[in-house]
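Here's the structure, in structure tokens; my notes come after.
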Amino acid sequence: MNERVYEIGLTVNGVPRSATAPARRLLSDFLRHDLGLTGTHVGCEHGVCGCCTVLLDGDPVRSCLTFAITVEGREVTTVEGLADPDGTLSPVQQAFQDSHGLQCGFCTPGFLCTVTALLRDNPAPTEAEVLEGISGNLCRCTGYQNIIKAVLSLSRGVSRTAQENGAGNATTQRGSGDHVR
Amino acid sequence: MKPPPFDYHAPRTLGEALDALAEAGGDGKVLAGGQSLIPLLNMRLAAPGQLIDINRVAALDTLVREPGGIRVGALARHSRVERSSGHPLLRQALRHVAHPAIRNRGTVVGSLAHADPAAELPAVLAVLGGWVEVASVSGTRTIPAASFFAGPLESALLPGELAVSAFFPSLPPRSGSAFAELARRHGDYALAGVAAVVELDASGAVTSARIGCLGVAATPLVLDLTPYLMASGAFADAVAYVRERAEPDGDIHASAGYRRHLLGLLAARTLSEAHATASSPGPSAHRITGGTTDE
Ligand SMILES: Cc1cc2nc3c(=O)[nH]c(=O)nc-3n(C[C@H](O)[C@H](O)[C@H](O)COP(=O)(O)OP(=O)(O)OC[C@H]3O[C@@H](n4cnc5c(N)ncnc54)[C@H](O)[C@@H]3O)c2cc1C
Ligand code: FES
Ligand code: FES
């Protein structure tokens with residue numbers, strides 16, 4: 001069968017990109033296979049794990065539940081686009097590193113995109129709001145505590161008390177300066 | 001897994017969409033937010049020959065407040081409706097629909113068309129007595145919620161029909177609403193849930209009390225509890241009646257008996273909350289109740 005293909009153009013991390021793909025190409029596969037941007041990870045392909053979360057015109061979406069052709073012409077930000085062009089980590093990336101918010105790193109691109117949007121929309125989330133905000137992202141390694149700690153360290157409302165108490169209730173007792181980088 | 005191949009249509013107007021749907025007939029499927037359909041395609045549980053992607057039909061991307069309620073167009077996403085519908089019960093329920101990233105794509109009308117018995121919005125539309133506006137090449141029709149949900153994952157839509165909008169009636173003065181559900185994690189489909197609406201007269205006496213239940217029957221279960229709430233001291237009878245009317249199934253997440261028990265608790269909680277909101281002066285409708293992470 002000769003499947004029809006389309007020329008699909010998107011702006012990815014500020015750069016216009018395009019490739020030829022059939023209509024059934026998932027945005028996740030379009031980014032990874034057609035554009036070679038393998039930072040976006042794919043876990044479940046049915047919306048549950050959150051690994052594939054990218055920003056579409058700034059808002060987090062599941063790239064495994066979106067056809068590339070549907071979002072033709074729109075702006076996509078992937079984990080590759082979060083750091084500065086000179087390689088300086090974004091505040092969210094830096095906080096994940098400082099708080100040991102990742103181990104194997106498989107879930108991390110999805111968390112970073114989700115949390116970037118979460119903190120933009122709510123710069124001072126409470127611990128409950130952080131938990132709700134990341135409830136759609138699964139991590140099999142960290143047990144979440146250090147991820148929560150990373151996000152809370154950036155929360156304007158909570159950060160002072162969290163740092164004074166060595167990070168709040170659901171987080172470990174280690175302060176962010178305890179480890180050597 | 002990856003979706004099976006399909007012929008893709010990207011109409012820009014409602015007319016083009018209806019023409020494409022008519023031509024596709026039983027082989028056609030509407031693609032709205034894709035948050036239910038694409039998982040089914042990825043798992044190859046669905047394989048429509050023709051996909052009619054309505055995401056470019058700007059005329060469907062509407063959210064209109066009308067005197068009697070809010071009209072939600074087929075492209076209005078959960079997140080937008082949650083932010084700006086101004087409808088307390090809709091907002092209370094939408095907080096529980098999936099996760100923010102899924103709410104950024106999924107549509108309210110798509111959720112109704114999908115007709116999942118565990119979904120929040122069908123129960124909300126049903127308890128409010130709302131309706132769905134439907135169009136096809138041969139005309140338009142209005143389907144009341146009571147006949148829109150035909151069975152599990154089955155709506156009253158016929159091949160060639162597009163759900164254009166849904167109308168959620170607003171609540172009258174001196175009324176209150178509440179929503180509560182229990183899910184294993186916030187954003188998961190619920191084990192059971194209840195949307196309650198209580199209306200009072202000027203003296204504070206109950207004139208109407210209804211609940212819409214999800215997760216406990218093949219379609220949203222709407223129960224009129226007015227007689228129980230009008231009589232003093234009959235609250236326990238109302239809860240017993242709710243448990244009696246539910247027909248939950250058991251599965252790996254919860255037994256039928258547990259769901260029935262839970263439904264009674266959620267009904268009691270939401271009815272009290274809706275009653276309290278109805279009795280308190282001022283814009284108390286902004287209170288959000290229940291849920292898995294509130295406590
Ligand atoms: C991980 C995960 C968790 C979820 N949790 C919940 C939850 O807790 N509660 C909940 O309610 N939902 C949940 N959902 C589903 C989500 O709310 C969907 O957005 C919604 O059910 C379908 O809306 P959609 O716009 O994405 O529809 P689509 O996936 O595009 O379509 C769904 C079905 O409806 C049909 N359809 C859609 N729009 C129309 C229309 N205008 N006219 C005719 N037919 C139409 C399609 O053909 C298809 O059959 C979850 C989804 C995921 C992936
Ligand atoms: S791969 Fe998209 S949510 Fe799991
Ligand atoms: S760090 Fe391994 S899954 Fe999250």
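The structure displayed is predicted, hence computed values, not measured ones. We name chains A, B, ... by the order of the sequence lines, and we start the count at 1 in each one.
- There is no contact between A/Val42 and chain B, counting heavy-atom distances below 4.5 Å.
- When heavy atoms are compared at a cutoff of 4.5 Å, A/Asn137 does not approach chain B at all.
- Taking a cutoff of 4.0 Å between a charged side-chain nitrogen and a carboxylate oxygen, B/Arg80 and A/Asp59 do not qualify as a salt bridge.
- Inter-residue side-chain proximity for B/His99 and B/Arg185 is flagged as met; some heavy-atom pair is nearer than 4.5 Å.
- The side-chain heavy atoms of A/Phe30 and A/Val76, taken from C-beta on, include no pair separated by under 4.5 Å.
- For B/Leu41, the part sitting under 4.5 Å from any heavy atom of chain A is the side chain, from C-beta outward, and nothing else.
- Between A/Phe96 and A/Phe111, the ring-plane angle classifies as tilted under the 30° and 60° cut-offs.
- Only one option out of B/Val57, B/Leu162, B/Leu18 pairs with B/Pro11 in a side chain to side chain contact (heavy atoms under 4.5 Å, CB included); it is B/Val57.
- Both the backbone and the side chain of A/Ile69 come within contact range of chain B, each with at least one heavy atom under 4.5 Å from a heavy atom of that chain.
- If you measure heavy-atom distances from B/Leu31 to chain A, the contacts under 4.5 Å come from the side chain alone.
- Heavy-atom distances place no part of A/Thr114 under 4.5 Å from chain B, backbone and side chain included.
- Note on A/Thr70, A/Val61, A/Asp29: by heavy-atom pairs under 4.5 Å with chain B, the leading option is A/Thr70.
- For a residue to count as touching a neighbouring chain, one of its non-hydrogen atoms must lie under 4.5 Å from one of that chain's; by this rule A/Phe67 touches chain B with backbone and side chain alike.
- By the neighbour-count criterion of 12 heavy atoms within 6.0 Å, atom CZ of A/Arg120 is densely surrounded, having more than that number from other residues, nucleotides or ligands.
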